[in-house]
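From a predicted model like this one, the values you see are computed outputs, not experimental measurements.
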Amino acid sequence: KAVGINAEYGAVILHSPLSSGLRVACPDTKKTWCFDVFPSIEKISSVQAPTLIIHGTEDEVIDFSAGLQLYERCPKPVDPLWVEGAGHNDIELYAVYLDRLKSFLEKDLATK
């Protein structure tokens, strides 16, 4: 089952998320089509748990705007982590990455 559909979970972390598979392949696409196998942009509104979104501002694989779009539609977002200068395959190398994960687990979730 997809997260958000009769699933139980305490939190969600989206690391360099895509808004939809089709939008990655065709960035000018604004509509979700039935054949899009990753329609995250349509599903995020059903995620009823604290959600941390992490994305590098220089992501060369999944545009940074995808993370922003999901954050804007997320019903229970916590402060996101936008890693200035990070790409798709090096985001974990930034110290702020692990610091934010730790903060999410120890502080954000402790207050929920």
- For residues 88-106, the salt bridge (Lys or Arg N to Asp or Glu O under 4.0 Å) pairs (sequence neighbours left out) are R100-D108
- Non-hydrogen atoms of I62 and P17 that approach each other most closely: CG2-O, 3.3 Å
- Message: Side chains of V47 and C74, heavy atoms from C-beta outward: is any pair under 4.5 Å?
- Response: no
- Please check if V83 and L105 belong to a single hydrophobic cluster, counting links between Ile, Leu, Val, Met, Phe, Trp and Tyr side chain heavy atoms closer than 4.5 Å. yes
- In terms of heavy-atom contacts, T57 and G85 come closest through OG1-N, 2.8 Å
- Looking only at heavy atoms, what is the nearest atom pair of D59 and V61, with distance? OD1-N, 2.8 Å
- Message: According to side-chain contact (heavy atoms from CB on, under 4.5 Å), who are the partners of P80, at least two apart in sequence or on a separate chain?
- Response: Y71, W82
- Message: The criterion is side-chain hydrogen bond (donor to acceptor under 3.5 Å, both in side chains); which residues satisfy it with S65, sequence neighbours excluded?
- Response: D63
- Note on the structure: Contacts of E60 meeting side-chain contact (heavy atoms from CB on, under 4.5 Å) (sequence neighbours excluded), chain-then-number -> H88, N89
- Task: Can you measure from NE2 (H55) to CG (L18) and round to the nearest 0.5 angstrom?
- Result: 9.0 Å
- Message: On a heavy-atom basis, which atom in P75 and which in S45 lie closest, and how many Å separate them?
- Response: CG-O, 3.5 Å
- Please step through side-chain contact (heavy atoms from CB on, under 4.5 Å) for the pair S19 and Q69, ending with a clear verdict. CA-CA 7 Å; S19 55; Q69 290 170 359; 3.3 Å; yes
- Can you list the residues that meet the side-chain contact (heavy atoms from CB on, under 4.5 Å) rule with L101, with sequence neighbours excluded? I13, L52, I54, Y97, L98
- What residues form a side-chain contact (heavy atoms from CB on, under 4.5 Å) with A11, not counting sequence neighbours? F104, L109
